[in-house]
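Worksheet: the structure to be examined is printed underneath.
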Amino acid sequence: MERSSQTRPATLGRRTFLVTAASAALAGCRYLARSSRNVLTPKVATVIDSRVAAASRQIASVPIRFTDISKAAGITWQFNNGAHNSAGTREPFIVQTGGGVALWDYNNDGLLDIFAVQGGPLPGASELPGAYSTQNVLYRNNGDGTFADVTREAGLAGPTGYGQGVSVADYNNDGWLDLYITAIGGNHLFRNNGDGTFTDVTEEAGVADRLIPGIKAHPTWPTSSAWADYDNDGYLDLFVCHYCQWSPEMDREDTLGQFPAPMQFPPSHCCLYHNNGDGTFTDVTAGANLLGQWGKSLSAVWFDYDDDGWPDLFVSNDTMADFLFHNNRNGTFTNVAVELGAAYDKMGHATASMGIGVSDYLHSGRPDLFVVNYAGEAKTVLEDTGRTFLNNSQASGLSADNMQYLGFGLECFDYDLDGWQDVVIGNGHVSPMVAKATVDGETFAQSQLLLHNEGNGTFLQDDRSLGDLVQPRVTRGLAVGDFDNDGDVDIAMVSELGPLSLFRNDGGNQNHWLTLRLEGVKCNRDAVGTKVTIATVGGRQTQWVRSGSSYCSHSDMRLTFGLGNAARVISLVVRWPSGRVQHHEGLAADKFYWLQEGSAPIEDPRTNKLASRR
């Protein structure tokens, strides 16, 4: 239980400085309401305008703007973390960091729908004033740029606890995507009935996740979850991140109205559930050698770093060493993060480690890792060299001019379709008082970041393409996907004590593209873990099908490849988790393809059906 040797001195020192500085200046001051800080003030607007105007060129290969279409699309739902009591006073608790979002096609109509998980009222805190809904939300994509709230008719309107995150997977291989919600008070698995409705099967499936493994008297604080078939038996298994050991009695507000620091709370264990193939799961945390791994885990991603065909697992830990669990191919895992250079930053310090992204950003054919951290900490870039991980945080330029941002959601996607995977980061501080406590440009609500892959191992901050993403927000969950099926990838975000927002990519599809929807036959139906490599006149690119990434969120599992000027894919190589390898040639660009294991790719009948309706 003793963790002092793993705690990052620099992080502790920085947060201690924030509290000390604020104590001198703000003793006795009351909290500022968060809503008042979500407004783009004239001062902030001036800074943003000057920064954008100073950009010497359009960094993206084509002119792009991300447009907030939420209101026009009929998206009105807001996340509430339960921060205000009946008297209107803010009650900060460390658990107020949830807000996951999923982009997924729940009804198999070829259109991405949106699900977001609700937070408050906070367990153990005062009830919120007035009419307040604890309801999560499911928005059905109407195919015309608008969405309909179908939460109640889908059977998802009931309370599910103090929500944190969401992931999506077809756990029973019936062809319909199911929904898993992480929440304080117990997680929930909703089986998709295939008729637009869902059934809560948590208890019979055995994935309620209410108690910390090995500490049965203590409830869990789950955050992100991620799915993969770790034993390659054809069924997706479930990994659930647990953060600190927490209860309302353990949490307290300090004299400044700051969140309690994570160092005040004992670490916890994550949990691994094996899919039995009959609709039930078995907790195999202990048998998989994961029970002794103490951490404060916020995000997880399955990826095959050594390319042996067996999914490994990277887990981000706040102020503690990150985990890299090597799959031993016998149902057990070994944490190799320290020896492979994936546990700490370049100085040997643990970082805050929130959201995770995976991308072959160098076109090496190997999956590299991206992790976003606390303000003042460099964003982590770990190059998979095939033997170890090389920390390229500084060399990549990813943190060159943006250390004031505190990130949560992160995804890798090619927003201008030039053939190189870029990075989007959703930012927002954890303390509304931060602007008063520091002098280094940090604010509570923050602009988002677009980092353009220059194709030479470096990234440049692309402010001109931000569009409405520049508006300061307190972003937590973030997911990406092509909701309007126009070829370029869009962004959904959840803001703490703020709106669920959808940002349309306007202009990205001026370059060529190709999108694949994969379906397993011998392997899991979602084809999670499948490796796809394409070749064009511009070179080779590799992507992997994944379920769960970013922070507490789930992105579209279809693979979109930017092709730049190439109007054709020369070759396509697919390695399925079953071990089957398929080769295909001569695919035309600017099309959606469906590729079933063992068959040739065809134009996706779901999107073709949509086209005929239009």
Side-chain angles (χ1 to χ4, degrees), residues 102-106 108 110 112 167-171 173 175-178 180 225-239 275 300-305 307-314 327 356-360 365-369 384 411-414 421 479-482 489 513-534 540-550 553-562 569 572-582 584 587 592-599 601 604 606-607:
L103 286 173
W104 60 315
D105 182 6
Y106 82 93
N108 288 349
L112 289 182
S167 61
V168 171
D170 181 6
Y171 77 92
N173 288 339
W176 299 89
L177 290 173
D178 310 295
Y180 190 71
S225 57
W227 299 80
D229 183 6
Y230 75 85
D231 56 353
N232 285 340
D233 66 352
Y235 290 91
L236 290 175
D237 311 298
L238 173 64
F239 182 84
N275 190 333
V301 64
W302 293 93
F303 75 130
D304 185 6
Y305 78 86
D307 203 33
D308 65 353
W310 295 76
D312 310 296
L313 181 65
F314 181 82
N327 190 331
I356 309 172
V358 175
S359 168
D360 176 19
R366 295 183 292 269
D368 308 306
L369 287 169
D384 183 353
E411 271 293 7
C412 301
F413 73 132
D414 186 358
Q421 291 251 303
V480 300
D482 183 4
V489 180
W513 53 273
L514 178 142
T515 297
L516 293 170
R517 177 171 64 88
L518 288 92
E519 182 181 312
V521 176
K522 185 177 179 181
C523 72
N524 66 88
R525 182 74 174 256
D526 289 341
V528 170
T530 302
K531 178 182 180 180
V532 179
T533 301
I534 68 165
R540 295 183 182 274
Q541 300 178 50
T542 301
Q543 292 188 40
W544 298 260
V545 180
R546 292 179 290 106
S547 176
S549 57
S550 186
S553 297
H554 173 91
S555 293
D556 185 6
M557 286 191 286
R558 295 179 299 182
L559 303 181
T560 294
F561 290 88
V569 170
L572 172 73
V573 180
V574 182
R575 190 181 76 185
W576 303 86
S578 62
R580 181 195 294 265
V581 178
Q582 292 180 234
H584 305 283
L587 297 179
F592 292 86
Y593 289 94
W594 174 47
L595 178 55
Q596 190 178 50
E597 184 179 8
S599 301
D604 194 334
R606 292 181 184 175
T607 49

**Report entry** CG-OH distance between Asp604 and Tyr593, expressed to the nearest 0.5 angstrom
**Finding:** 11.0 Å
Query - Pair Glu411-Ser550, side-chain donor/acceptor within less than 3.5 Å - result: no
**Report entry** Sub-4.5 Å side-chain heavy-atom contact between His584 and Val573
**Finding:** no
Report task. Measure the acute angle between the ring planes of Tyr230 and Trp302, then classify it against the limits of 30° and 60° as parallel, tilted or perpendicular. Result -> parallel
Requested in this report: Take Trp227 and Ser167 through the test side chain to side chain contact (heavy atoms under 4.5 Å, CB included) and record every step on the way to the result.
Outcome: CA-CA 8 Å; Trp227 299 80; Ser167 61; 2.9 Å; yes
Report task. Identify the heavy atoms of Ala102 and Val168 that sit nearest to each other, and give their distance. Result -> CB-CG2, 4.0 Å
Query raised in the report: Hey, are Trp544 and Thr530 close enough side-chain-wise for a donor-acceptor pair under 3.5 Å?
Result: no
Query raised in the report: Is Arg575 salt-bridged to Asp307, going by a charged N under 4.0 Å from an acidic O?
Result: yes
Report task. Would you please indicate yes or no on a ring centroid separation below 6.0 angstrom for Tyr305 and Trp310? Result -> no
Query raised in the report: Taking 4.0 angstrom as the limit, do Asp170 and Arg525 come out as a salt bridge?
Result: no
Query raised in the report: Do the charged groups of Glu597 and Lys522 touch, with an N to O distance under 4.0 Å?
Result: no
Query raised in the report: Near Arg540 CZ, under 6.0 Å, is it more than 12 heavy atoms from other residues, nucleotides or ligands?
Result: no
Report task. Determine yes or no for a side-chain-to-main-chain donor-acceptor pair under 3.5 angstrom, with Asp360 supplying the side chain and Gln541 the backbone. Result -> no
Query raised in the report: Does Leu587 reach the side chain of Leu572, with side-chain heavy atoms less than 4.5 Å apart?
Result: yes
Query raised in the report: If you measure from the Lys or Arg side-chain nitrogens to the Asp or Glu carboxylate oxygens, is any gap between Asp556 and Arg558 under 4.0 Å?
Result: yes
Report summary line: When Leu518, Asp237, Leu236 are each screened for side chain to side chain contact (heavy atoms under 4.5 Å, CB included) with Val528, the one that passes is Leu236
Query raised in the report: Do the side chains of Phe303 and Leu369 get nearer than 4.5 Å, heavy atoms only?
Result: yes
